[in-house]
Amino acid sequence: MGSYFEVFVGTPTYKGTGALTYYFDTNLKDGQIVKVSVRNISCLGIVVGKNSTPAGLKSIKKIEQVFKLSLLPKESVGLIDWIMEYYDLGVGITSSQFLPSYLAKINENLLEQIKLPAVNKPESKSLKLNSSQKEVISKILNPADLHHLLMGETASGKTHVYIELIRSNLENKKSCIILTPEIGLTPQLYEKITEHIAAPIYVLHSQLTDSQRRTLWLQILQETRPSVIVGPRSALFSPLSNIGLIVLDEQHDNAYHQNQDPRYSADRVAAKLADNHKATLVFGTATPKIQDYFIFEQKKRGYTT
């Protein structure tokens, strides 16, 4: 007889609020990605714990497949727990954000073909920063303060601040997520970052094909180098490890709010993910929300470029 494991199943069809129990012949680790059956439908799942004395032994199904993949970061697993509780969501629809439907076709042959991309070689490494930008960067890099509000109109220099923060985190072996409110803004921000940053840079968004997104997701999960992800709010659910910086550019934009199930606000999810990683969080905006402006000003963490 094997061991029993708790699994977060990644299918919206399961409406329950807790992990399901399965068994497997050998030991599995938390964060391991597996294939399981839920009501006779196969789906991906995440191992989140071991169950030593499950009830109803006769009804417990066996895990169908264990993938030879890196573990999903514990910070992402913790984020699933938090989202379910904070937004009162089921485990299936929440976990499916972290195990998107385009992953359904992963198999061992595909995994053998996944190659990590080369490090980006920037055209230019130097940025001309004014005294205000240098002061802001110095304050944000203060390890005692992790959440910050960066205010400035378009073309006021916020992107230069982001780039220097990215560079500092990469030098400290930390990865970064840079969010944009709209897919259409992603190429512009990506181009600016690639001009100055030497690191693997991934761009994720829904206009890519399922095959492209599947490859990128698997590359990010297997990535061991400090990397940068650029994309809209769904990039928060990518399997990136060792995050040191999360930026929400144009954080005031309503596109950061998911208005269909599962409903959530990217700024709140980003704040929790940053806390899980003990990472720096930066809200960049020309028109900050009143409540955010008040909170950050009270804590003296609001800056202007």
Side-chain angles (χ1 to χ4, degrees), residues 1-111 114 204 206 210-211 213-218 220-222 233-234 236-239 258 260-264 269 272-273:
M1 182 179 292
S3 299
Y4 298 91
F5 301 94
E6 299 296 296
V7 176
F8 281 169
V9 295
T11 172
T13 60
Y14 178 66
K15 307 298 183 182
T17 57
L20 296 180
T21 302
Y22 295 85
Y23 77 91
F24 197 67
D25 299 330
T26 59
N27 194 40
L28 302 176
K29 296 180 179 179
D30 290 1
Q32 202 135 23
I33 296 171
V34 297
K35 182 178 286 187
V36 296
S37 176
V38 182
R39 294 169 185 159
N40 298 320
I41 298 175
S42 290
C43 69
L44 297 182
I46 307 161
V47 176
V48 295
K50 202 169 184 178
N51 190 332
S52 57
T53 56
L57 293 180
K58 292 183 180 179
S59 63
I60 294 178
K61 298 177 180 178
K62 184 177 180 179
I63 290 172
E64 297 178 350
Q65 186 175 3
V66 177
F67 293 100
K68 296 176 182 177
L69 289 167
S70 298
L71 304 179
L72 195 72
K74 65 180 186 299
E75 293 85 1
S76 294
V77 177
L79 186 61
I80 296 174
D81 261 326
W82 180 85
I83 290 174
M84 286 193 295
E85 181 177 355
Y86 189 83
Y87 291 105
D88 193 23
L89 294 169
V91 65
I93 195 167
T94 306
S95 298
S96 66
Q97 304 305 299
F98 295 79
L99 298 172
S101 58
Y102 54 76
L103 293 178
K105 294 183 179 180
I106 62 173
N107 54 58
E108 299 301 337
N109 290 334
L110 173 63
L111 298 180
I114 297 298
L204 292 175
S206 60
D210 283 356
S211 177
R213 289 193 287 172
R214 182 165 53 248
T215 297
L216 286 168
W217 192 95
L218 291 169
I220 293 168
L221 181 65
Q222 302 298 100
R233 61 178 184 262
S234 59
L236 290 170
F237 307 126
S238 61
Q258 169 96 349
Q260 59 187 18
D261 289 337
R263 290 174 170 80
Y264 66 88
V269 174
K272 182 59 181 178
L273 183 61

Residues at least two apart in sequence or cross-chain that pass side chain to side chain donor-acceptor pair (under 3.5 Å) with Thr11, listed by chain then number, are Thr13
Quick one: side chain to side chain contact (heavy atoms under 4.5 Å, CB included) partners of Leu111, sequence neighbours excluded?
Phe67, Leu69, Glu108, Leu218
Hey, does Met84 have a side-chain heavy atom less than 4.5 Å from the side chain of Thr17?
no
With sequence neighbours excluded, give me every side-chain hydrogen bond (donor to acceptor under 3.5 Å, both in side chains) pair touching residues 33-42.
Ser42-Glu64
For a side-chain contact (heavy atoms from CB on, under 4.5 Å) check, start with the C-alpha distance between Tyr264 and Ile83, then their side-chain angles and the critical distance, and finish with the verdict.
CA-CA 8 Å; Tyr264 66 88; Ile83 290 174; 5.5 Å; no
Close side-chain approach of Val77 to Ile46, heavy-atom, < 4.5 Å
yes
Between the side chain of Glu6 and the main-chain N/O of Val47, is any donor-acceptor distance below 3.5 Å?
no
Just jot down the salt bridge (charged side-chain N to carboxylate O under 4.0 Å, His left out) partners of Arg233, sequence neighbours excluded, or say none.
none
Please evaluate residues Leu28 and Ile63 with respect to the criterion side-chain contact (heavy atoms from CB on, under 4.5 Å), reporting the C-alpha separation (whole Å), side-chain torsions for both, the decisive distance (0.1 Å), and the verdict.
CA-CA 11 Å; Leu28 302 176; Ile63 290 172; 3.5 Å; yes
Not counting sequence neighbours, which residues clear side chain to side chain donor-acceptor pair (under 3.5 Å) with Arg214? List them please.
none
Sub-4.5 Å side-chain heavy-atom contact between Ile41 and Val38:
no
Looking only at heavy atoms, what is the nearest atom pair of Leu236 and Leu273, with distance?
O-CD2, 3.6 Å
What residues, two or more places apart in sequence or in another chain, satisfy side chain to side chain contact (heavy atoms under 4.5 Å, CB included) together with Pro262?
Leu89, Ile93, Gln97, Gln258
Report the residues that fulfil side chain to side chain donor-acceptor pair (under 3.5 Å) with Ser76, sequence neighbours left out, ordered by chain and then residue number.
none
Are any side-chain N or O atoms of Asn51 and backbone N or O atoms of Phe5, one a donor and one an acceptor, separated by less than 3.5 Å?
no
Could you check if a side-chain atom of Leu204 sits within less than 4.5 angstrom of a side-chain atom of Leu216, using non-hydrogen atoms only?
yes
For Val7 and Gly45, work out which heavy atoms get closest and say how close.
CG1-CA, 3.8 Å
Over all atoms of both residues, closest heavy-atom pair of Val9 and Cys43:
CB-SG, 4.2 Å
Does Asp210 have any salt bridge (charged side-chain N to carboxylate O under 4.0 Å, His left out) partners at least two apart in sequence or in another chain, and if so, which?
Arg213
For Trp82 and Ile80, what are the C-alpha separation, side-chain angles and deciding distance, and is it a side-chain contact (heavy atoms from CB on, under 4.5 Å)?
CA-CA 5 Å; Trp82 180 85; Ile80 296 174; over 6 Å; no
Looking only at non-hydrogen atoms, find the nearest pair between Pro12 and Ser96 and report the distance.
CG-OG, 3.8 Å
For Phe98, which residues count as a ring pair (Phe, Tyr, Trp, His ring centres under 6.0 Å) partner, sequence neighbours excluded?
Phe237
Residue pairs passing the salt bridge (charged side-chain N to carboxylate O under 4.0 Å, His left out) test where at least one lies in residues 68-94, sequence neighbours excluded
none
For Thr215, the side chain to side chain contact (heavy atoms under 4.5 Å, CB included) test, sequence neighbours excluded, returns Ile114, Gln219
Close side-chain approach of Val269 to Tyr87, heavy-atom, < 4.5 Å
yes
When every non-hydrogen atom of Ile33 is compared with those of Trp217, the smallest separation belongs to CD1-CH2, 3.5 Å
Side chain to side chain donor-acceptor pair (under 3.5 Å) against Lys62, all qualifying residues, sequence neighbours excluded
Asp25
Criterion side-chain contact (heavy atoms from CB on, under 4.5 Å) on Val36 and Lys61, from CA distance to verdict:
CA-CA 8 Å; Val36 296; Lys61 298 177 180 178; over 6 Å; no
Decide yes or no for Val66 and Val34: does some side-chain heavy atom of the first lie under 4.5 Å from some side-chain heavy atom of the second?
yes
Restricting to non-hydrogen atoms, name the atom on Tyr4 and the atom on Thr21 that form the minimum distance, rounded to 0.1 Å.
CB-CG2, 4.1 Å
